[in-house]
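Treat the numbers as computed from the prediction; the structure is a model and nothing was measured.
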2 protein chains.
Amino acid sequence: MPSRRGLTRAEILDTALALADDDGLAAVGMRAVAQRLGVTPMALYRHVGDKEALLDGLVERLLTEVDVPGPEQAPVDRLLASAASLRAVARRHPEAFGLLLARRAATPGALDARDAVLAALVEAGVARDDVGRLERILSTFVIGFAASEASGRFADVERADADFAYAVRLLTTALAATTTPPPAGS
Amino acid sequence: MPSRRGLTRAEILDTALALADDDGLAAVGMRAVAQRLGVTPMALYRHVGDKEALLDGLVERLLTEVDVPGPEQAPVDRLLASAASLRAVARRHPEAFGLLLARRAATPGALDARDAVLAALVEAGVARDDVGRLERILSTFVIGFAASEASGRFADVERADADFAYAVRLLTTALAATTTPPPAGS
DNA sequence: ACCTGAACACCGTTCAAGT
DNA sequence: ACCTGAACACCGTTCAAGT
């Protein structure tokens, strides 16, 4: 039994996420995570700070699972694909996903995601003054929707898909009317 | 020192909410609530079930603080006033408000609120097939927005107001295009 | 540097007992 | 019926010690 186990922050976060998936977010604690790793609780403190930092790390792990397409795709397609990927993360990790709403995401990964949305909106032709607030509104809605979906508020996946498609249609209609002046001569 | 204190479920929930307001949601526990009431922790169990039930009761307390105008007002005004009232609740109880997203609201009071939104949408002329999904989309957005606001995501109240007004404009634009056929002859 | 073992100050909850 | 007191099985975290 070596006392050097080669414990890793990434390994700890993976274990914590798996624990949340299996037994619920309430089951995620220093002692339980340590037990899954075959280690004393105190061994974790060197790698993740304390329990709060562990949960922040879980938020980071969730966000890095979101696939954001490269700039070769059209901006609206990028936004739609990112949203779909976030919803998929919510369905894969319904127990842990609530953390995204409960905790403010201040990690570098979260800020990258926001910048990607801003860039896509600018590229899509949204007025400079509206970009910031539109990003806040869209991400609020998409994260809220995904969280609702994860907590079972939409009953089944088909209905959630239909609801989301409806919301997208609604928003694109509104945005088309906002970003470009109404066709005057027709 | 009477052993009969006349403890009440409402009194307990009020105390728990005040405790969340003062010391954060994490501070809300059976022992802490009991201490505020000058009572043993075990005295609570007869009135609220256990800690889970206490938190469900907190959700109920938050929702009953929302002012929903009577049917004498126009349906859209009712929706806007309800949303504004929900945002006010979030600002009054920022710590506790996250519970609305973390816990599915299955209490009678929550279902009443949903029915009020449905009725207003029907009255506003939304197509029968769209009423359900539109209610889910709107409430998802409004609760998510209020929660974001409560957690400080919008920096200040002025910006939150501006963002919310922008979202309302966006949505009413889209709804006008959806509920009524586009004016053909102009 | 990395992990352990024992200990401390907390939790929620059960159970028998008091009035 | 309503509340108490003691006890049980848990937490997160500190601290000194081992290798």
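Residues that satisfy the side chain to side chain contact (heavy atoms under 4.5 Å, CB included) test with B:L17, not counting sequence neighbours, are B:D21, B:L58, B:R61, B:L62, B:E65, B:H93, B:A96. Residues satisfying the side chain to side chain contact (heavy atoms under 4.5 Å, CB included) test with B:A34, not counting sequence neighbours, are B:P41, B:L44. Residues passing the side chain to side chain contact (heavy atoms under 4.5 Å, CB included) test with B:V117 are B:L79, B:L121, B:E135, sequence neighbours excluded.
Applying the ring-ring contact (aromatic ring centres under 6.0 Å, His included) rule to pairs touching residues 44-68 of chain A yields nothing, sequence neighbours excluded. Here side-chain hydrogen bond (donor to acceptor under 3.5 Å, both in side chains) pairs that include residues 117-130 of chain B, with residues two or more places apart or in two chains, are B:R78-B:E123. Listed by first and then second residue, the salt bridge (Lys or Arg N to Asp or Glu O under 4.0 Å) pairs involving residues 27-46 of chain A are A:D22-A:R36 (not counting sequence neighbours). Within the structure, ring-ring contact (aromatic ring centres under 6.0 Å, His included) pairs that include any residue of residues 111-142 of chain B comprise B:F141-B:F145 (at least two apart or interchain). Pairs of residues two or more places apart, or lying in two chains, that qualify as salt bridge (Lys or Arg N to Asp or Glu O under 4.0 Å) and include a residue from residues 163-176 of chain B are A:R133-B:D163, A:R136-B:D163. Sequence neighbours left out, the pairs with a member in residues 140-152 of chain B that pass salt bridge (Lys or Arg N to Asp or Glu O under 4.0 Å) are B:R87-B:E149, B:R91-B:E149.
For the pair B:I12 CD1 and D:dC2 P, the interatomic distance rounds to 11 Å; values are reported in whole Å. Between A:R9 atom CZ and C:dC2 atom P the separation is 15 Å, expressed in whole Å.
Heavy atoms from other residues, nucleotides or ligands lying under 6.0 Å from CD of B:Q35 number 12 at most.
The stretch residues 39-50 of chain A touches DNA chain C through A:V39, A:T40, A:M42, A:A43, A:R46, A:H47, each having a heavy atom under 4.0 angstrom from the strand. Contacts between residues 16-38 of chain B and DNA chain C, defined by a heavy-atom separation under 4.0 Å, are made by B:G29, B:M30, B:R31.
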Query raised in the report: Using Watson-Crick and G-U wobble pairs with both distances under 3.5 Å, what is the 5'-to-3' dot-bracket string of DNA chain D, with [ ] for crossing pairs and | for pairs outside the strand?
Result: ||.|||||...|||||.||
